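Just so you know, ligand 1 is whichever comes first in the structure, and atom 1 is the first atom listed for that ligand. Everything numeric here is computed off the predicted structure, so don't read it as measured data.
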Amino acid sequence: MSELLRTESMSVVYGGLHAVNGLDLRVDEGRLVGLIGPNGAGKTSFIDGISGFTRTQGAIHFRGKRVDREPAHRRARLGLGRTWQSLELFEDLTVRENLQVGAERQTVGGFLLDLVRPGRRRDQSDVDWALDVLGIAHLADRLPTEISHGQRKLVGAGRTLAARPALICMDEPAAGLDTTESEQFGRRLRRIVEAGVSILLVDHDMGLVMGVCDEVYVIEFGTKIAHGTPAQVVADERVRAAYLGTKAGI
Ligand SMILES: Nc1ncnc2c1ncn2[C@@H]1O[C@H](COP(=O)(O)OP(=O)(O)OP(=O)(O)O)[C@@H](O)[C@H]1O
């Protein structure tokens with residue numbers, strides 16, 4: 001399997017707090033990799049660090065290139081996509097238009113073209129592809145207020161997918177979904193991977209993470225405490241101890 005993302009001793013430090021503490025993590029092409037840990041373990045800080053939204057120490061390699069000193073927009077252009085914990089769709093745009101916003105790569109040429117031809121037709125192929133992978137093509141002309149909560153989550157993922165990334169880091173994409181919606185969402189995640197896009201999945205929904213991931217990393221206080229298949233991780237004593245007394249259901 002070829003390597004897509006690899007961090008080496010990566011840390012995120014806020015003041016004196018090591019939110020991520022020397023983490024080695026790897027995502028290969030064609031893999032759905034979970035990253036879990038109790039509240040405050042450092043999961044969002046890790047995603048912020050690899051995507052370039054917070055300063056890091058250590059090395060981050062993406063598609064064979066060292067990227068830890070590259071700005072966020074350049075990492076995105078290399079194919080490193082991410083979603084955000086707060087799902088804010090453009091409520092007055094259709095589903096298709098919401099994805100179109102994600103697909104647009106702002107270039108100087110495109111900006112000038114918009115000035116001279118404001119109503120120009122845009123290439124819809126990436127948007128059509130993302131709608132199809134997520135199974136929401138039939139909702140393309142609806143407004144976000146007209147679709148279900150689970151479908152809104154797919155639109156949120158679709159905005160990142162429409163930029164055709166090689167990897168999507170998802171930060172709690174299933175928050176607030178009930179069990180049935182979460183299972184449907186999980187099937188869509190597998191379709192994204194089958195379509196050639198790897199996923200790093202952060203979520204508190206253990207049914208989802210353990211049900212869809214090929215492998216799972218577990219962190220506590222910014223440090224890796226386990227890594228393996230879902231079955232190996234669930235059986236790990238340190239993981240069980242870390243989750244003892246929480247509602248996560250490991
Ligand atoms: N901008 C910041 N400045 C200072 N401390 C921060 C900042 N962001 C996060 N932290 C702290 O870093 C630690 C890790 O937080 P982070 O949000 O990365 O954890 P998490 O695993 O994503 O948590 P949750 O599951 O609750 O979302 C926490 O102690 C948090 O309070």
Side-chain angles (χ1 to χ4, degrees), residues 5-27 32-60 62 67-69 71-72 75-76 80-88 149 152-153 156-157 160 167-179 181-182 185-186 189 198-213 215-228 230 233-234 236 238-250:
L5 172 81
R6 180 166 52 90
T7 66
E8 257 178 295
S9 298
M10 189 189 123
S11 296
V12 175
V13 184
Y14 301 118
L17 174 80
H18 279 70
V20 178
N21 197 355
L23 198 59
D24 294 340
L25 182 147
R26 176 175 161 156
V27 180
L32 207 168
V33 177
L35 174 62
I36 62 169
N39 285 328
K43 305 176 295 292
T44 297
S45 300
F46 182 77
I47 289 186
D48 286 347
I50 54 178
S51 55
F53 288 88
T54 194
R55 280 176 64 85
T56 56
Q57 297 167 7
I60 305 168
F62 184 66
V67 298
D68 42 270
R69 290 292 165 261
R75 297 187 209 189
L80 207 168
R82 70 165 295 176
T83 66
W84 301 86
Q85 240 178 50
S86 59
L87 173 70
E88 280 168 18
H149 186 54
R152 287 173 64 92
K153 296 280 185 185
T160 306
L167 170 70
I168 304 185
C169 304
M170 296 191 172
D171 198 356
E172 297 194 27
L177 296 184
D178 65 29
T179 310
E181 289 171 329
S182 162
F185 190 80
L189 293 185
S198 300
I199 296 177
L200 178 66
L201 173 67
V202 165
D203 213 280
H204 284 287
D205 180 339
M206 287 304 137
L208 173 71
V209 173
M210 297 304 173
V212 299
C213 288
E215 58 190 285
V216 178
Y217 286 82
V218 189
I219 61 172
E220 188 180 30
F221 302 120
T223 306
K224 184 181 356 179
I225 59 169
H227 170 221
V233 160
V234 167
D236 190 291
R238 278 191 303 175
V239 177
R240 303 190 78 83
Y243 276 93
L244 208 64
T246 72
K247 291 190 212 137
I250 276 209

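- Numbered from 1 in the order shown, with element, the atoms of ligand 1 that lie under 4.0 Å from a heavy atom of Leu17 read 11 (C), 12 (O), 13 (C), 29 (O).
- The Glu172 neighbourhood of ligand 1 comprises atoms 25 (O), 27 (O), with distances under 4.0 Å to a heavy atom of that residue.
- Counting only heavy atoms, the protein never gets under 4.0 Å from atom 31 (O) of ligand 1.
- Using a 4.0 Å cut-off between charged side-chain N and carboxylate O, Arg82 and Asp48 make a salt bridge.
- Side chain of Tyr217 to main chain of Arg26: a donor-acceptor pair is present (N/O by atom type, distance under 3.5 Å, no hydrogens or angles).
- An N or O contact shorter than 3.5 Å links Ala41 to ligand 1 by distance.
- Within ligand 1, counting atoms from 1 as listed, the ones closer than 4.0 Å to a heavy atom of Ala19 are 12 (O), 13 (C), 14 (C).
- Near Gln85, meaning under 4.0 Å from one of its heavy atoms, ligand 1 places the atoms 27 (O).
- Summary of contacts: the protein heavy atom closest to atom 21 (O) of ligand 1 is Lys43 NZ, 2.7 Å.
- Side-chain atoms of Arg75 come within 3.5 Å of backbone N or O of Val67 as a donor-acceptor pair.
- Close N/O approach between Gly40 and ligand 1 is found [any backbone or side-chain N/O within under 3.5 Å].
- Under a 4.0 angstrom heavy-atom cut-off, Gly42 registers as being in contact with ligand 1.
- Here the protein heavy atom with the shortest distance to atom 7 (C) of ligand 1 is Tyr14 CE1, 3.4 Å.
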